A.B. asks: 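My structure is below; once you've seen it, I'll send some questions.
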Amino acid sequence: MVEWTDFERNTIQDIFSRIEYDVVGPAALARCLVVYPWTQRYFGGFGNLYNAAAIKGNPMVSKHGTTILNGLERAVKNMDDITNTYAELSVLHSEKLHVDPDNFKLLADCLTIVVAAQLGNEFTGEVQAAFQKFLAVVVSALGRQYR
Amino acid sequence: MLSNKEKMLIAEIWERLIPVAEEIGADALLRMFACFPGSKTYFSHLDISRGSPHLLSHGKKIVLALAEGSKDISQLTVTLTPLQIMHAYQLRIDPTNFKLLSHCMLVALSCHMRDDFTAVAHAAMDKYLSAFAAVLAEKYR
(Lines give C-alpha, C1' and ligand atoms only; values in the text may rest on other atoms or scores of the structure.)
Protein backbone atom coordinates (compact mmCIF):
# COMPACT_ATOMS: atom_id res chain seq x y z
CA MET A 1 0.00 0.00 0.00
CA VAL A 2 1.24 3.47 -0.83
CA GLU A 3 1.79 5.82 2.10
CA TRP A 4 0.79 9.40 1.47
CA THR A 5 1.79 12.31 3.68
CA ASP A 6 -0.78 15.01 4.40
CA PHE A 7 1.20 17.36 2.20
CA GLU A 8 1.06 14.89 -0.70
CA ARG A 9 -2.68 14.26 -0.34
CA ASN A 10 -3.48 17.95 -0.10
CA THR A 11 -1.19 18.79 -3.00
CA ILE A 12 -2.83 16.27 -5.33
CA GLN A 13 -6.36 17.32 -4.38
CA ASP A 14 -5.39 20.95 -4.78
CA ILE A 15 -3.81 20.54 -8.20
CA PHE A 16 -6.73 18.60 -9.62
CA SER A 17 -9.25 21.06 -8.22
CA ARG A 18 -7.44 23.91 -9.95
CA ILE A 19 -6.66 22.57 -13.40
CA GLU A 20 -9.22 22.55 -16.20
CA TYR A 21 -9.45 19.00 -17.45
CA ASP A 22 -10.44 20.04 -20.95
CA VAL A 23 -7.42 22.33 -21.22
CA VAL A 24 -4.71 20.32 -19.49
CA GLY A 25 -5.77 16.92 -20.87
CA PRO A 26 -5.70 17.92 -24.54
CA ALA A 27 -2.48 19.91 -24.03
CA ALA A 28 -0.72 16.99 -22.36
CA LEU A 29 -1.75 14.41 -24.97
CA ALA A 30 -0.92 16.75 -27.86
CA ARG A 31 2.47 17.48 -26.29
CA CYS A 32 3.18 13.75 -25.94
CA LEU A 33 2.37 13.17 -29.62
CA VAL A 34 4.69 16.04 -30.61
CA VAL A 35 7.60 15.42 -28.24
CA TYR A 36 7.51 11.62 -28.61
CA PRO A 37 6.19 11.13 -32.15
CA TRP A 38 6.39 7.34 -31.99
CA THR A 39 3.43 7.45 -29.58
CA GLN A 40 1.33 8.37 -32.62
CA ARG A 41 1.36 4.68 -33.49
CA TYR A 42 -1.60 4.19 -31.14
CA PHE A 43 -3.70 6.86 -32.78
CA GLY A 44 -3.87 5.76 -36.40
CA GLY A 45 -7.60 6.41 -36.49
CA PHE A 46 -7.29 10.01 -35.29
CA GLY A 47 -6.76 11.59 -38.70
CA ASN A 48 -4.32 14.44 -39.26
CA LEU A 49 -1.33 14.27 -36.88
CA TYR A 50 1.04 15.60 -39.49
CA ASN A 51 2.60 18.45 -37.50
CA ALA A 52 2.36 20.19 -34.14
CA ALA A 53 -0.37 22.58 -35.29
CA ALA A 54 -2.47 19.75 -36.71
CA ILE A 55 -2.08 17.73 -33.52
CA LYS A 56 -2.99 20.67 -31.32
CA GLY A 57 -6.12 21.40 -33.37
CA ASN A 58 -7.20 17.78 -33.78
CA PRO A 59 -10.63 17.32 -32.13
CA MET A 60 -10.10 13.60 -31.49
CA VAL A 61 -6.86 14.36 -29.65
CA SER A 62 -8.65 16.97 -27.54
CA LYS A 63 -11.50 14.65 -26.72
CA HIS A 64 -9.17 11.85 -25.76
CA GLY A 65 -7.02 14.18 -23.65
CA THR A 66 -10.07 15.14 -21.63
CA THR A 67 -11.02 11.47 -21.27
CA ILE A 68 -7.55 10.75 -19.85
CA LEU A 69 -7.82 13.50 -17.25
CA ASN A 70 -11.24 12.28 -16.20
CA GLY A 71 -9.68 8.84 -15.88
CA LEU A 72 -6.96 10.29 -13.64
CA GLU A 73 -9.60 11.78 -11.40
CA ARG A 74 -10.60 8.28 -10.39
CA ALA A 75 -7.17 7.87 -8.82
CA VAL A 76 -7.42 11.30 -7.19
CA LYS A 77 -10.65 10.18 -5.53
CA ASN A 78 -9.21 6.78 -4.52
CA MET A 79 -5.64 7.53 -3.56
CA ASP A 80 -5.53 4.65 -1.11
CA ASP A 81 -6.53 2.04 -3.67
CA ILE A 82 -5.16 3.14 -7.02
CA THR A 83 -4.03 -0.37 -8.00
CA ASN A 84 -7.53 -1.81 -7.83
CA THR A 85 -9.11 1.34 -9.25
CA TYR A 86 -7.16 0.80 -12.48
CA ALA A 87 -7.27 -3.01 -12.71
CA GLU A 88 -9.80 -2.97 -15.55
CA LEU A 89 -8.13 -0.10 -17.39
CA SER A 90 -4.83 -1.96 -17.13
CA VAL A 91 -6.33 -5.02 -18.76
CA LEU A 92 -7.87 -2.81 -21.46
CA HIS A 93 -4.54 -1.12 -22.28
CA SER A 94 -2.78 -4.48 -22.37
CA GLU A 95 -5.23 -6.85 -24.00
CA LYS A 96 -7.19 -4.60 -26.29
CA LEU A 97 -5.13 -1.49 -26.97
CA HIS A 98 -1.70 -3.20 -26.82
CA VAL A 99 0.01 -0.09 -25.46
CA ASP A 100 3.64 -0.50 -24.35
CA PRO A 101 3.54 0.53 -20.67
CA ASP A 102 6.68 2.65 -21.16
CA ASN A 103 4.38 5.12 -22.90
CA PHE A 104 2.49 5.83 -19.69
CA LYS A 105 5.64 7.44 -18.27
CA LEU A 106 6.06 9.61 -21.38
CA LEU A 107 2.52 10.94 -21.02
CA ALA A 108 3.04 11.44 -17.28
CA ASP A 109 6.14 13.56 -17.97
CA CYS A 110 4.24 15.69 -20.49
CA LEU A 111 1.41 16.14 -18.03
CA THR A 112 3.91 17.31 -15.39
CA ILE A 113 5.28 19.91 -17.76
CA VAL A 114 1.83 21.17 -18.77
CA VAL A 115 0.75 21.48 -15.13
CA ALA A 116 4.04 23.28 -14.41
CA ALA A 117 3.23 25.85 -17.08
CA GLN A 118 -0.26 26.29 -15.60
CA LEU A 119 0.89 26.79 -12.02
CA GLY A 120 4.18 28.60 -12.64
CA ASN A 121 6.12 29.30 -9.47
CA GLU A 122 3.49 27.59 -7.33
CA PHE A 123 4.67 24.32 -8.86
CA THR A 124 7.58 24.12 -6.45
CA GLY A 125 10.04 21.23 -6.23
CA GLU A 126 8.03 19.76 -3.34
CA VAL A 127 4.77 20.02 -5.26
CA GLN A 128 6.46 18.47 -8.29
CA ALA A 129 7.74 15.58 -6.16
CA ALA A 130 4.23 14.87 -4.84
CA PHE A 131 2.71 15.09 -8.32
CA GLN A 132 5.37 12.80 -9.78
CA LYS A 133 4.88 10.29 -6.96
CA PHE A 134 1.14 10.24 -7.68
CA LEU A 135 1.71 9.74 -11.41
CA ALA A 136 4.27 7.01 -10.73
CA VAL A 137 1.66 5.09 -8.71
CA VAL A 138 -0.86 5.56 -11.53
CA VAL A 139 1.66 4.40 -14.15
CA SER A 140 2.52 1.36 -12.06
CA ALA A 141 -1.15 0.45 -11.58
CA LEU A 142 -1.84 0.76 -15.30
CA GLY A 143 1.02 -1.61 -16.06
CA ARG A 144 0.09 -4.09 -13.35
CA GLN A 145 -2.20 -6.42 -15.30
CA TYR A 146 0.10 -6.85 -18.28
CA ARG A 147 1.21 -10.41 -18.93
CA MET B 1 17.96 14.53 -34.83
CA LEU B 2 17.75 18.30 -34.64
CA SER B 3 16.55 20.33 -37.60
CA ASN B 4 18.16 23.70 -38.36
CA LYS B 5 14.98 25.41 -37.21
CA GLU B 6 15.15 23.56 -33.91
CA LYS B 7 18.84 24.43 -33.43
CA MET B 8 18.03 28.12 -33.90
CA LEU B 9 15.11 27.91 -31.49
CA ILE B 10 17.25 26.23 -28.84
CA ALA B 11 20.05 28.80 -29.19
CA GLU B 12 17.50 31.61 -29.00
CA ILE B 13 15.88 30.25 -25.83
CA TRP B 14 19.19 29.82 -23.97
CA GLU B 15 20.38 33.25 -25.08
CA ARG B 16 17.29 34.77 -23.43
CA LEU B 17 17.88 32.78 -20.25
CA ILE B 18 21.50 33.84 -19.68
CA PRO B 19 20.48 36.81 -17.49
CA VAL B 20 18.52 34.43 -15.22
CA ALA B 21 21.01 31.58 -15.38
CA GLU B 22 21.35 31.38 -11.60
CA GLU B 23 17.61 31.29 -11.03
CA ILE B 24 16.87 28.63 -13.65
CA GLY B 25 19.87 26.48 -12.79
CA ALA B 26 19.21 26.54 -9.05
CA ASP B 27 15.51 25.82 -9.65
CA ALA B 28 16.29 22.77 -11.80
CA LEU B 29 18.73 21.44 -9.20
CA LEU B 30 16.33 21.96 -6.31
CA ARG B 31 13.60 20.15 -8.23
CA MET B 32 15.94 17.24 -8.86
CA PHE B 33 16.93 17.04 -5.19
CA ALA B 34 13.25 17.10 -4.14
CA CYS B 35 12.06 14.54 -6.68
CA PHE B 36 15.06 12.26 -6.88
CA PRO B 37 16.76 12.26 -3.48
CA GLY B 38 19.52 9.88 -4.67
CA SER B 39 20.91 12.74 -6.71
CA LYS B 40 21.82 14.57 -3.52
CA THR B 41 24.58 12.08 -2.81
CA TYR B 42 26.81 13.86 -5.29
CA PHE B 43 26.58 17.08 -3.32
CA SER B 44 27.39 15.98 0.20
CA HIS B 45 30.32 18.40 0.21
CA LEU B 46 28.19 21.45 -0.61
CA ASP B 47 25.33 23.39 0.94
CA ILE B 48 22.49 22.76 -1.48
CA SER B 49 19.66 24.35 0.49
CA ARG B 50 17.44 26.90 -1.24
CA GLY B 51 19.26 30.19 -1.72
CA SER B 52 22.70 28.92 -0.76
CA PRO B 53 25.62 30.45 -2.67
CA HIS B 54 26.84 26.94 -3.63
CA LEU B 55 23.50 26.09 -5.18
CA LEU B 56 23.23 29.37 -7.07
CA SER B 57 26.76 29.24 -8.43
CA HIS B 58 26.39 25.60 -9.42
CA GLY B 59 23.08 26.21 -11.12
CA LYS B 60 24.58 29.14 -13.00
CA LYS B 61 27.51 27.02 -14.22
CA ILE B 62 25.17 24.38 -15.61
CA VAL B 63 22.93 26.84 -17.46
CA LEU B 64 25.90 28.74 -18.89
CA ALA B 65 27.38 25.47 -20.18
CA LEU B 66 24.03 24.58 -21.80
CA ALA B 67 23.86 28.05 -23.34
CA GLU B 68 27.41 27.86 -24.64
CA GLY B 69 26.80 24.44 -26.19
CA SER B 70 23.63 25.69 -27.89
CA LYS B 71 25.54 28.35 -29.84
CA ASP B 72 26.94 25.68 -32.17
CA ILE B 73 25.26 22.34 -31.56
CA SER B 74 27.15 20.60 -34.36
CA GLN B 75 30.34 21.26 -32.39
CA LEU B 76 29.13 19.88 -29.06
CA THR B 77 31.85 17.23 -28.84
CA VAL B 78 34.53 19.91 -29.20
CA THR B 79 32.89 22.50 -26.93
CA LEU B 80 32.29 19.96 -24.18
CA THR B 81 35.69 18.22 -24.16
CA PRO B 82 36.82 19.75 -20.84
CA LEU B 83 33.47 18.91 -19.23
CA GLN B 84 33.61 15.39 -20.68
CA ILE B 85 36.97 14.84 -19.03
CA MET B 86 35.78 16.28 -15.72
CA HIS B 87 32.67 14.11 -15.61
CA ALA B 88 34.44 10.92 -16.71
CA TYR B 89 37.51 10.99 -14.52
CA GLN B 90 36.74 13.31 -11.65
CA LEU B 91 33.00 13.66 -10.97
CA ARG B 92 31.94 10.23 -12.26
CA ILE B 93 28.26 11.02 -11.88
CA ASP B 94 26.17 8.04 -12.96
CA PRO B 95 24.70 9.08 -16.33
CA THR B 96 21.17 8.12 -15.27
CA ASN B 97 21.28 11.35 -13.30
CA PHE B 98 21.69 13.37 -16.49
CA LYS B 99 18.19 12.22 -17.48
CA LEU B 100 16.84 13.26 -14.09
CA LEU B 101 18.37 16.73 -14.28
CA SER B 102 17.26 17.10 -17.92
CA HIS B 103 13.66 16.36 -16.93
CA CYS B 104 13.84 18.86 -14.06
CA MET B 105 15.40 21.43 -16.38
CA LEU B 106 12.41 21.02 -18.71
CA VAL B 107 10.03 21.53 -15.77
CA ALA B 108 12.00 24.61 -14.67
CA LEU B 109 11.79 26.00 -18.20
CA SER B 110 8.07 25.30 -18.31
CA CYS B 111 7.46 27.10 -14.99
CA HIS B 112 9.53 30.05 -16.15
CA MET B 113 8.37 30.34 -19.75
CA ARG B 114 4.75 29.13 -19.21
CA ASP B 115 2.87 29.22 -22.55
CA ASP B 116 6.04 30.20 -24.41
CA PHE B 117 7.38 26.72 -23.69
CA THR B 118 5.40 25.29 -26.58
CA ALA B 119 5.28 21.61 -27.53
CA VAL B 120 7.69 22.37 -30.39
CA ALA B 121 10.13 24.12 -28.05
CA HIS B 122 9.78 21.26 -25.55
CA ALA B 123 10.53 18.65 -28.21
CA ALA B 124 13.59 20.53 -29.44
CA MET B 125 14.88 21.17 -25.93
CA ASP B 126 14.38 17.53 -24.89
CA LYS B 127 16.42 16.41 -27.89
CA TYR B 128 19.15 18.96 -27.15
CA LEU B 129 19.42 17.95 -23.50
CA SER B 130 19.62 14.26 -24.51
CA ALA B 131 22.38 15.02 -27.00
CA PHE B 132 24.23 17.13 -24.42
CA ALA B 133 24.02 14.34 -21.84
CA ALA B 134 25.20 11.74 -24.34
CA VAL B 135 28.27 13.82 -25.23
CA LEU B 136 28.99 14.42 -21.55
CA ALA B 137 29.07 10.65 -20.91
CA GLU B 138 31.16 9.82 -23.98
CA LYS B 139 34.48 9.44 -22.21
CA TYR B 140 33.10 7.36 -19.34
CA ARG B 141 34.27 4.09 -20.91
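In what follows, every chain begins at residue 1, and chains take the letters A, B, ... in the order their sequences are listed. In this text the structure is predicted, and so the values were computed from the model without any measurement.
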A.B. asks: How close do Val120(B) and Val34(A) get, counting heavy atoms only, and between which atoms?
C.D. replies: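 What the structure gives for the nearest pair is N-CG1, 4.3 Å.
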
A.B. asks: For the CD atom of Glu126(A) and the SG atom of Cys35(B), what is their distance to the nearest 0.5 Å?
C.D. replies: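 That separation rounds to 8.5 Å.
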
A.B. asks: Check the surroundings of atom NZ in Lys56(A): do more than 12 heavy atoms from other residues, nucleotides or ligands lie under 6.0 Å from it?
C.D. replies: no

A.B. asks: Does Ile85(B) share a hydrophobic cluster with Leu136(B), counting links as ILVMFWY side-chain heavy atoms below 4.5 Å and allowing steps through other members?
C.D. replies: no

A.B. asks: So what's closer than 4.5 Å to chain B heavy atoms on Leu119(A): side chain, backbone, both or neither?
C.D. replies: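 For Leu119(A), the backbone is the part near chain B, not the side chain.
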
A.B. asks: Is it the backbone or the side chain of Phe33(B) that comes under 4.5 Å from a heavy atom of chain A, or both, or neither?
C.D. replies: neither

A.B. asks: Looking at CZ of Arg50(B) and OG1 of Thr124(A), how far apart are the two atoms once the value is rounded to the nearest 0.5 Å?
C.D. replies: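 Those atoms lie 7.0 Å apart.
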
A.B. asks: So with a 6.0 Å cut-off around CG of Asp47(B), is the heavy-atom count from everything else above 12?
C.D. replies: yes

A.B. asks: Hydrophobic clusters here meaning ILVMFWY residues chained together by side-chain heavy-atom distances under 4.5 Å, can you tell me if Ile18(B) and Leu66(B) are in one?
C.D. replies: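 Per the 4.5 Å side-chain linkage, Ile18(B) and Leu66(B) are not co-clustered.
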
A.B. asks: Answer with side chain, backbone, both or neither: which region of Glu122(A) has an atom nearer than 4.5 Å to a non-hydrogen atom of chain B?
C.D. replies: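 It is neither, since no heavy atom gets under 4.5 Å.
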
A.B. asks: What part of Tyr36(A) is in contact with chain B, defined as an atom under 4.5 angstrom from a non-hydrogen atom: side chain, backbone, both or neither?
C.D. replies: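 For Tyr36(A), side-chain heavy atoms alone lie under 4.5 Å from chain B.
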
A.B. asks: On a heavy-atom basis, which atom in Ala119(B) and which in Val35(A) lie closest, and how many Å separate them?
C.D. replies: O-CG2, 3.8 Å

A.B. asks: Heavy-atom count check: over 12 atoms from other residues, nucleotides or ligands less than 6.0 Å from Arg9(A) CZ?
C.D. replies: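 More than 12 heavy atoms, drawn from other residues, nucleotides or ligands, come within 6.0 Å of this atom.
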
A.B. asks: Picking from Cys111(B), Ala28(B), Ala124(B), which has the most non-hydrogen pairs under 4.5 angstrom with chain A?
C.D. replies: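 So the answer, after comparing Cys111(B), Ala28(B), Ala124(B), is Cys111(B).
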
A.B. asks: CG of Asp115(B): more than 12 outside heavy atoms within 6.0 angstrom?
C.D. replies: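 Check fails, neighbour count at 12 or below.
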
A.B. asks: Can you tell me how far CG of Asp126(B) sits from CG of Leu106(A), rounded to the nearest 0.5 angstrom?
C.D. replies: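 Spacing of CG (Leu106(A)) from CG (Asp126(B)) equals 9.5 Å.
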
A.B. asks: If hydrophobic clusters are built by linking Ile, Leu, Val, Met, Phe, Trp and Tyr wherever their side-chain heavy atoms come under 4.5 Å apart, do Leu55(B) and Leu64(B) end up in the same one?
C.D. replies: no

A.B. asks: State yes or no: do Met86(B) and Phe43(B) share one hydrophobic cluster built from I, L, V, M, F, W and Y residues joined by side-chain heavy-atom distances below 4.5 Å, directly or via other members?
C.D. replies: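 Result: yes, single cluster for both.
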
A.B. asks: For the residue pair Gln128(A) and His103(B), establish whether any side-chain heavy-atom pair is separated by less than 4.5 Å.
C.D. replies: yes

A.B. asks: Over all heavy atoms of both residues, which pair between Phe117(B) and Arg31(A) is shortest? Give the atoms and the distance, please.
C.D. replies: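 Shortest heavy-atom contact: O-NH2, 2.7 Å.
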
A.B. asks: Hydrophobic clustering (ILVMFWY, side-chain heavy atoms < 4.5 Å, transitive) - are Met8(B) and Ile13(B) grouped together?
C.D. replies: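 Unlinked, Ile13(B) and Met8(B) end up in two clusters.
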
A.B. asks: Minimum heavy-atom separation for Cys110(A) to His122(B), with atom names?
C.D. replies: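 What the structure gives for the nearest pair is SG-CE1, 4.3 Å.
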
